[in-house]
Amino acid sequence: MGTFKENELHWFPLRIRNSSLSRLETMKERLELQQGIDETYAPMGFIKVSMKKMDFAPILMNYIFVRSTFSRLVSVKSNLDQFEPLRFIMHPVYNEKFERHSEVLYISDKMMADFIRITKEENDKVIFLNNPHYAFKPSHAV
């Protein structure tokens, strides 16, 4: 991924603590009203909730994707009253001396466009895993 510049537009996946459908929708609406937030996305779809019932719900219950600059998102998140439950997703990176540290995860416009296209399609061949840890290991392409 590499390091991003704080004032460049990128997609940032944010985790919402204690999320529910109504809380996700409220958070999405609040974010869209903020100056400097270009776009938000929360993938929705029909989820099997019992043997006979399907429900329209977020595919990734605790996540919302926001297109903005890092510096603007930090400013928005500092409003603890409305945005306290939002958390950046961190991922490990290694420098040339193989020293590990964490960076904020961001997504390129191309990757996010592909993700949005796939999640908006009604395709039975696309399966979203609730717990992907058993399906792949770090560094595997998925």
Side-chain angles (χ1 to χ4, degrees), residues 1-95 98-142:
M1 277 283 190
T3 305
F4 60 89
K5 294 180 182 166
E6 290 188 14
N7 292 316
E8 288 181 350
L9 283 173
H10 294 287
W11 282 95
F12 294 91
L14 300 173
R15 189 175 68 81
I16 303 173
R17 286 187 312 135
N18 307 321
S19 182
S20 64
L21 179 56
S22 62
R23 191 166 190 187
L24 180 73
E25 289 173 342
T26 301
M27 190 63 64
K28 191 173 184 312
E29 290 168 5
R30 286 180 184 168
L31 281 165
E32 289 172 349
L33 294 174
Q34 298 298 306
Q35 189 79 23
I37 303 294
D38 278 15
E39 193 174 347
T40 63
Y41 182 66
M44 304 288 283
F46 286 97
I47 308 284
K48 190 173 185 176
V49 292
S50 70
M51 291 297 285
K52 296 182 180 182
K53 185 177 178 190
M54 298 287 281
D55 200 6
F56 192 69
I59 295 170
L60 303 170
M61 180 56 87
N62 294 341
Y63 295 92
I64 188 167
F65 298 85
V66 179
R67 187 169 191 265
S68 184
T69 65
F70 178 74
S71 56
R72 181 62 191 142
L73 271 178
V74 168
S75 174
V76 166
K77 282 175 41 63
S78 67
N79 182 347
L80 294 179
D81 294 340
Q82 290 186 332
F83 301 108
E84 184 274 330
L86 287 177
R87 300 284 184 256
F88 283 110
I89 309 295
M90 305 301 285
H91 72 103
V93 293
Y94 297 89
N95 63 16
F98 296 102
E99 298 168 331
R100 180 182 169 163
H101 65 279
S102 294
E103 285 187 359
V104 172
L105 182 68
Y106 70 96
I107 302 169
S108 71
D109 287 340
K110 167 73 170 106
M111 288 175 68
M112 194 64 193
D114 291 344
F115 177 70
I116 291 171
R117 182 179 43 80
I118 288 170
T119 57
K120 284 188 174 181
E121 280 184 13
E122 289 188 29
N123 187 343
D124 291 338
K125 293 180 182 178
V126 177
I127 299 170
F128 293 93
L129 303 174
N130 291 332
N131 185 358
H133 297 294
Y134 69 88
F136 57 89
K137 295 179 182 172
S139 80
H140 285 179
V142 292

Who pairs with [X] by side-chain hydrogen bond (donor to acceptor under 3.5 Å, both in side chains), at least two apart in sequence or on another chain?
X	value
S22	S20
K53	none
E8	H10
E25	none

List the residues meeting salt bridge (charged side-chain N to carboxylate O under 4.0 Å, His left out) with [X], not counting sequence neighbours, and say none if there are none.
X	result
R117	D114
K52	none
E32	K28

Could you tell me the separation between the [atom1] atom of [X] and the [atom2] atom of [Y], rounded to the nearest 0.5 Å?
X	Y	atom1	atom2	answer
F83	I16	CZ	CD1	10.5 Å
K77	L14	NZ	CG	7.0 Å
E39	L31	CD	CG	12.5 Å

Quiz item: Looking at residues at least two apart in the chain, or sitting in another chain, which of them share a side chain to side chain contact (heavy atoms under 4.5 Å, CB included) with E29?
Solution: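 If we apply the side chain to side chain contact (heavy atoms under 4.5 Å, CB included) test to E29, skipping adjacent residues, there are no hits.
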Practice problem: Could you pull out all residues at least two apart from R15 that satisfy side chain to side chain contact (heavy atoms under 4.5 Å, CB included)? | Solution: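 Once residues adjacent in sequence are excluded, the partners of R15 under the side chain to side chain contact (heavy atoms under 4.5 Å, CB included) criterion are R17, N62, Y63, R87, I89.
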Quiz item: Does the side chain of I116 come within less than 4.5 Å of W11's, by heavy atoms?
Solution: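 Yes - at least one pair of side-chain heavy atoms lies under 4.5 Å apart.
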Self-check item: Main-chain N/O of E99 paired to N95 side chain as donor or acceptor, under 3.5 Å
Solution: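 Here the side-chain-to-backbone pair exists.
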Quiz item: So Y41 and F115, would you call those rings parallel, tilted or perpendicular, with 30° and 60° as cut-offs?
Solution: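 Correct class here is perpendicular.
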Quiz prompt | Heavy-atom closest pair, residues R23 and P85 | solution =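 That would be NH2-CG, 3.2 Å.
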Exercise. Identify the heavy atoms of H101 and E103 that sit nearest to each other, and give their distance.
Key: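 Shortest heavy-atom contact: NE2-OE2, 3.6 Å.
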Check: residues 66-74 side-chain donor-acceptor pairs under 3.5 Å, at least two apart:
{"unit_1": "R67", "atom_1": "NE", "unit_2": "D109", "atom_2": "OD1", "d": "3.1"}
{"unit_1": "R67", "atom_1": "NH1", "unit_2": "D38", "atom_2": "OD2", "d": "3.1"}
{"unit_1": "R67", "atom_1": "NH2", "unit_2": "D109", "atom_2": "OD2", "d": "3.0"}
{"unit_1": "S68", "atom_1": "OG", "unit_2": "G36", "atom_2": "O", "d": "2.8"}
{"unit_1": "T69", "atom_1": "OG1", "unit_2": "R72", "atom_2": "N", "d": "3.1"}
{"unit_1": "S71", "atom_1": "OG", "unit_2": "E6", "atom_2": "O", "d": "3.3"}
{"unit_1": "S71", "atom_1": "OG", "unit_2": "N7", "atom_2": "OD1", "d": "2.7"}
{"unit_1": "R72", "atom_1": "NE", "unit_2": "Q35", "atom_2": "O", "d": "2.4"}
{"unit_1": "R72", "atom_1": "NH1", "unit_2": "S75", "atom_2": "OG", "d": "3.2"}
{"unit_1": "R72", "atom_1": "NH2", "unit_2": "Q35", "atom_2": "O", "d": "2.9"}

Self-check item: side chain to side chain contact (heavy atoms under 4.5 Å, CB included) assessment of V104 paired with M90
Solution: CA-CA 5 Å; V104 172; M90 305 301 285; 3.7 Å; yes
